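Contents: one structure, followed by commentary.
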Amino acid sequence: MVFVNRLHEWPESAEEAVAIQERLRPLVVLNEPGPDEVELVAGLDVGYAKDTDDLMAVAVVLSASALEVVDQAVVARRATFPYIPGLFAFRELPPLVEALERLRTTPDLILCDGYGTAHPRRFGLACHVGVLTGLPTIGVAKTPFLFDHDPPEPKRGAWTPLLDTHEIVGRALRTRSTVKPVFVSQGNRIGLDNACRHVLRLAPAYRLPEPIRQADRLSRTPT
DNA sequence: GCGACAG
DNA sequence: ATCTTGTCGC
């Protein structure tokens with residue numbers, strides 16, 4: 001089970017949402033190296049229905065050794081916040097929080113689809129989840145947002161920095177040779193080197209790390 | 001001012 | 001995010 005800090009409320013406007021991000025940002029821990037070995041790793045993802053505001057939030061937990069699903073929770077909900085770039089955590093977080101609370105295991109690490117510190121205010125979804133749970137989190141995104149990067153060498157394991165002008169906010173990490181990289185950033189309580197090491201290890205066969213693949217798969221399951 | 005912009 | 005078949009390549 002994951003205990004989520006409930007001393008927070010959801011915003012009703014974009015201005016409120018930005019204020020919450022600025023208020024919570026100082027609570028993110030970025031100077032911890034993070035876990036060396038992990039036993040249980042969670043993956044989070046949200047699927048959307050085509051013509052409605054219905055969404056499906058999924059939290060799965062895999063064994064780090066065999067990469068097999070050992071726990072899962074699915075929450076179907078109506079979205080309460082619109083998609084706004086930079087604020088999209090507020091759309092996905094309410095059902096994701098509920099899914100996390102419904103798990104019966106406690107992961108050592110959480111992988112989120114989207115960004116952590118690679119965010120206009122350095123407070124993407126992975127940071128937000130990290131602050132609410134106190135657990136180590138990593139952001140894994142499929143596209144670079146506002147940031148620049150050179151293409152990594154076309155070999156699995158190669159990476160280049162993800163840059164906001166001259167500030168490093170994450171990495172473009174190649175998890176499969178000749179395949180478009182994923183974009184990794186720190187969420188909470190883990191360093192960038194270690195985060196990339198875990199992501200690479202958790203993605204032995206496909207572009208996306210297995211916990212996120214499994215969460216994505218389950219979020220597409222009709223009803 | 002307009003468009004682009006994690007999912 | 002979602003709408004979508006076959007097809008090229010390792």
Side-chain angles (χ1 to χ4, degrees), chain A residues 10-11 14 17-18 20-21 24-25 28 43-60 74-97 99 110-131 137-149 153-157 162-165 169-188 192 195 199 203-209 211-223:
Chain A
W10 303 124
V18 169
I20 290 174
Q21 290 182 331
L24 296 183
R25 179 180 47 192
V28 175
L44 307 182
D45 195 19
V46 175
Y48 297 79
K50 52 179 156 98
D51 275 329
T52 15
D53 273 350
D54 295 330
L55 45 78
M56 182 110 88
V58 175
V60 291
V74 179
V75 173
R77 276 276 187 91
R78 186 70 53 86
T80 59
F81 201 84
Y83 167 65
I84 303 172
L87 298 177
F88 108 97
F90 294 100
R91 184 170 174 78
E92 304 202 336
L93 220 31
L96 283 177
V97 158
I110 300 177
L111 266 49
C112 306
D113 68 305
Y115 283 126
T117 56
H119 177 275
R121 287 170 294 281
R122 304 293 179 269
F123 196 73
L125 175 67
C127 297
H128 209 141
V129 170
V131 166
T137 60
I138 300 171
V140 181
K142 297 181 283 295
T143 62
F145 185 18
L146 302 169
F147 307 108
D148 303 315
H149 70 95
E153 293 301 307
K155 185 169 189 275
R156 172 177 151 86
L162 193 58
L163 298 171
D164 183 356
T165 312
V169 295
R171 282 180 192 170
L173 174 66
R174 194 91 65 179
T175 51
R176 293 200 66 183
S177 296
T178 74
V179 172
K180 181 182 174 189
V182 295
F183 302 88
V184 179
S185 57
Q186 292 167 271
N188 187 52
L192 189 52
V199 167
Y206 298 90
R207 178 186 177 225
L208 291 178
I212 289 182
R213 275 192 74 238
Q214 294 305 323
D216 180 78
R217 192 179 55 77
L218 289 169
S219 75
R220 295 171 192 279
T221 304
T223 311

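The structure displayed is predicted, hence computed values, not measured ones.
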Select base, sugar-phosphate, or nothing to describe what L87(A) touches, counting heavy atoms under 4.0 Å on all strands. base

Checking all strands, does G86(A) fall into the base, sugar-phosphate, or nothing category for heavy-atom contacts under 4.0 angstrom? base

Check whether any side-chain nitrogen or oxygen of [X] sits under 4.0 Å from OP1 or OP2 of [N], and answer yes or no.
X       : N      : value
R220(A) : dT2(C) : yes
T143(A) : dG7(B) : yes
K50(A)  : dA1(C) : no

Measuring from [X]:[atom1] to [Y]:[atom2], what's the distance to the nearest 0.5 Å?
X       : Y       : atom1 : atom2 : value
L93(A)  : R91(A)  : CG    : CZ    : 13.0 Å
R176(A) : K155(A) : CZ    : NZ    : 14.5 Å
L163(A) : D148(A) : CG    : CG    : 6.5 Å
L125(A) : S185(A) : CG    : OG    : 10.0 Å
F145(A) : F88(A)  : CZ    : CZ    : 9.5 Å

Does some side-chain heavy atom of V169(A) sit less than 4.5 Å from a side-chain heavy atom of H149(A)? no

Close side-chain approach of D164(A) to L146(A), heavy-atom, < 4.5 Å: no

Calculate the interatomic distance between [X] atom [atom1] and [N] atom [atom2]; express it in whole Å.
X       : N      : atom1 : atom2 : result
L44(A)  : dA1(C) : CG    : C1'   : 16 Å
K142(A) : dC5(B) : NZ    : P     : 16 Å
R78(A)  : dA1(C) : CZ    : P     : 21 Å
E92(A)  : dA1(C) : CD    : C1'   : 8 Å
D148(A) : dA6(B) : CG    : C1'   : 15 Å
L96(A)  : dG7(B) : CG    : C1'   : 11 Å
I84(A)  : dG7(B) : CD1   : P     : 16 Å
R91(A)  : dG7(B) : CZ    : P     : 14 Å

Is the ring centre of Y83(A) under 5.5 Å from the base ring centre of dG7(B), and are the two planes under 30° apart, so that they stack? yes

What nucleotide among dA1(C), dG7(B), dC5(B) has an atom nearest to a side-chain atom of L146(A)? dC5(B)

From the candidates dA6(B), dG7(B), dC3(C), the one with an atom nearest any side-chain atom of Y115(A) is dA6(B)

Name the stems that DNA chain C belongs to, where each is three or more consecutive Watson-Crick or G-U pairs with both distances under 3.5 Å? none

Test side-chain hydrogen bond (donor to acceptor under 3.5 Å, both in side chains) on E92(A) and Y48(A); report intermediate values, then the result. CA-CA 10 Å; E92(A) 304 202 336; Y48(A) 297 79; 2.7 Å; yes

Applying a 3.5 angstrom cut-off to the pairing atoms, does DNA chain B sit in any stems of at least three consecutive Watson-Crick or G-U pairs? List them by first number. none

Aromatic rings F90(A) and F81(A): how do their planes relate, parallel, tilted or perpendicular, breaks at 30° and 60°? tilted

Are there over 12 heavy-atom neighbours, none belonging to Y206(A), within less than 6.0 Å of that residue's OH? no

